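Written below as structure tokens is the structure these notes are about.
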Protein chains: 2
Amino acid sequence: MVSAPLPAVAARPDGKKEKESDSKARLRLWIRLLRASRLIEGMARERLKAQFGATLPRFDVMAALFRKPDGMLMSEISRFLMVSNGNVTGIVDRLVADGLVARSQRSGDRRTSFITLTRKGRAAFAAMAAAHESWIDELLGGISARDAEQMSAKLKSFRSDWEGEA
Amino acid sequence: MVSAPLPAVAARPDGKKEKESDSKARLRLWIRLLRASRLIEGMARERLKAQFGATLPRFDVMAALFRKPDGMLMSEISRFLMVSNGNVTGIVDRLVADGLVARSQRSGDRRTSFITLTRKGRAAFAAMAAAHESWIDELLGGISARDAEQMSAKLKSFRSDWEGEA
DNA sequence: GCCGATTATTTCAAGCTTAAATATTCAAGC
DNA sequence: GCTTGAATATTTAAGCTTGAAATAATCGGC
């Protein structure tokens with residue numbers, strides 16, 4: 001995915017005409033997007049491990065929970081992080097084993113359990129989040145705040161456009 | 001990583017002043033970037049599996065090799081795809097088992113092996129690549145070619161900026 | 001020619017990830 | 001109350017991923 005060759009022309013299912021360069025421009029954008037993501041993820045993974053002994057998926061789950069003091073369902077976490085259900089089970093299991101998050105049965109529904117950060121988990125996450133924000137700022141420093149906002153807006157609209165169709 | 005809370009202020013190592021909103025804008029960009037990547041990757045993985053019985057990592061390796069008919073070293077593949085060395089070993093093993101790529105010793109250096117696509121591999125990849133390009137074009141259709149080019153350029157510069165420092 | 005450093009690759013353990021299969025619970029509808 | 005279908009969560013198998021350690025081959029200085 002990092003590298004798809006660019007020569008081919010995409011045919012549109014709706015039959016509308018489109019310049020070859022358009023599809024190439026989008027493909028190039030996707031490749032750059034993915035390479036940027038991998039670069040940032042790699043950096044964050046490395047530093048999380050070195051400085052906090054944590055992994056990126058654990059950080060992600062804790063970040064999701066940090067925003068919701070009342071807790072989240074397993075399925076809410078997986079939907080929010082866009083990962084599979086079974087995936088979250090394993091990560092939460094390990095976080096529970098480390099005492100960073102807790103499962104509790106707060107509703108009458110015995111299928112579901114609310115996952116919350118423990119006090120220890122909140123403290124651990126706060127430290128990591130501060131460092132994390134400064135890493136990102138360091139790494140993306142070459143992009144002005146104005147450009148960052150513009151790109152965010154475009155990425156956001158693309159996402160909701162597509163979700164609407166699917 | 002998909003969700004880092006935004007309130008905290010990043011302190012810059014170099015001591016230069018920076019508006020809090022700047023670091024927040026970059027953090028937001030990173031979150032959007034990652035969510036977009038996951039969305040696109042998920043779509044591509046799903047379709048590759050459904051339509052071609054292939055996986056994304058295998059597609060990536062084949063895409064890298066497709067650009068280089070003379071072959072690549074294992075280390076070139078892993079550097080290009082920004083994944084670890086050991087990772088590529090396993091993926092190539094499976095591709096070799098499927099007859100899609102081949103290892104050969106073409107230089108005087110017996111440590112290294114050149115990896116190339118087989119004829120079968122080239123044919124398989126060509127079909128996947130055409131479909132892949134149209135998927136991306138479909139998914140990113142909401143972004144104009146002009147915007148795509150602008151964003152590509154900004155992402156590229158950020159990347160080389162950082163690589164220069166590190 | 002020998003030795004230490006370097007380079008290329010593989011191996012391994014731990015953890016992550018998905019998709020599919022399974023189990024459990026809930027909510028209706030009868 | 002019982003059944004059925006939907007929703008939720010977990011388990012499983014296969015594959016991906018990393019980082020570190022092990023292996024192997026090469027290179028450079030002597």
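The model shown is predicted, which means the values in this text are computed figures rather than measured ones. Letters A, B, ... are given to chains in the order of the sequence lines, protein chains preceding strands, and every chain is numbered from 1.
Between Met72(B) atom CE and dA8(C) atom P the separation is 13 Å, expressed in whole Å. Rounded to whole angstrom, the span from the CE atom of Met82(A) across to the P atom of dT17(C) amounts to 13 Å. When the P atom of dA8(C) is taken as reference, atom CZ of Phe80(B) falls 18 Å away, rounded to whole Å. Rounding to whole angstrom units, CD1 of residue Ile77(A) and C1' of dC16(C) are separated by 16 Å. Nucleotide dA14(D) holds its C1' atom 16 Å from the CG atom of Leu56(B), rounded to whole Å. We find that CG of Leu48(B) is positioned 15 Å from C1' of dA19(C), with the value rounded to whole Å. Spacing between atom CG of Leu81(B) and atom C1' of dC16(D) amounts to 13 Å, rounded to whole angstrom units. For the pair Asp109(B) CG and dT23(D) P, the interatomic distance rounds to 20 Å; values are reported in whole Å.
Applying the side chain to side chain contact (heavy atoms under 4.5 Å, CB included) test to Arg45(B) and every residue at least two apart in sequence or in another chain returns Glu41(B), Leu56(B). Every side chain to side chain contact (heavy atoms under 4.5 Å, CB included) that Ser84(A) has, sequence neighbours left out, goes to Asn87(A). Arg122(B) is linked by a salt bridge (Lys or Arg N to Asp or Glu O under 4.0 Å) to nothing, counting only residues two or more places apart in sequence or in another chain. Taking Arg146(A) as the reference, Ser144(A), Gln150(A) meet the side chain to side chain contact (heavy atoms under 4.5 Å, CB included) condition, with sequence neighbours excluded.
Between Thr112(B) and dA25(D) there is no side-chain N or O to OP1 or OP2 distance below 4.0 Å. For Arg58(A) and dC16(C), the shortest distance from a side-chain N or O to OP1 or OP2 is below 4.0 Å. Side-chain nitrogen and oxygen atoms of Ser75(A) include at least one within less than 4.0 Å of the OP1 or OP2 phosphate oxygen of dA9(D). For dC16(C), one of the phosphate oxygens OP1 or OP2 lies less than 4.0 angstrom from a side-chain nitrogen or oxygen of Arg94(A). Contact annotation: Arg45(B) does not reach the phosphate of dC16(D) (side-chain N/O to OP1 or OP2, under 4.0 Å). Contact annotation: Thr55(B) side-chain N/O to dC16(D) OP1/OP2 distance is under 4.0 Å. The phosphate of dT10(D) has OP1 or OP2 within less than 4.0 Å of a side-chain N or O from Arg103(A).
Under the 4.5 Å side-chain criterion, counting only non-hydrogen atoms from C-beta, Arg103(A) is not in contact with Phe114(A). Side-chain contact between Ser37(B) and Leu39(B): absent, with no pair of heavy atoms (C-beta onward) separated by less than 4.5 Å. Side-chain contact check for Ile77(B) versus Leu73(B): every heavy-atom pair is 4.5 Å or farther apart. Residues Arg94(A) and Ile91(A) meet the side-chain proximity criterion, which asks for heavy atoms closer than 4.5 Å.
When the nucleotides dA9(D), dT10(C), dA25(D) are ranked by their closest atom to the side chain of Leu73(A), dA9(D) comes out on top. In the set dT9(C), dA25(D), dA9(D), dA25(D) carries the atom at the smallest distance from any side-chain atom of Arg110(B).
Taking the nucleotide of DNA chain C with the nearest heavy atom to each of Lys49(B) and Pro57(A), the more 5' of the two is matched to Pro57(A).
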Find every protein N or O atom lying less than 3.5 Å from an N or O atom of nucleotides 1-6 of chain D, and list the pairs.
none

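Within the cation-pi definition used here (under 6.0 Å to the ring centroid, within 45° of the axis), Arg35(B) qualifies as a partner of Phe80(A).
Pairing for dC30(C) is with dG1(D), a Watson-Crick or G-U wobble pair whose two hydrogen-bonding atom distances lie under 3.5 Å.
A salt bridge links Asp109(B) to Arg111(B): at least one charged side-chain nitrogen sits closer than 4.0 Å to a carboxylate oxygen.
If you check residues 83-91 of chain B against DNA chain D, the residues with a heavy atom closer than 4.0 Å are Val83(B), Ser84(B), Gly86(B), Asn87(B), Ile91(B), listed by number.
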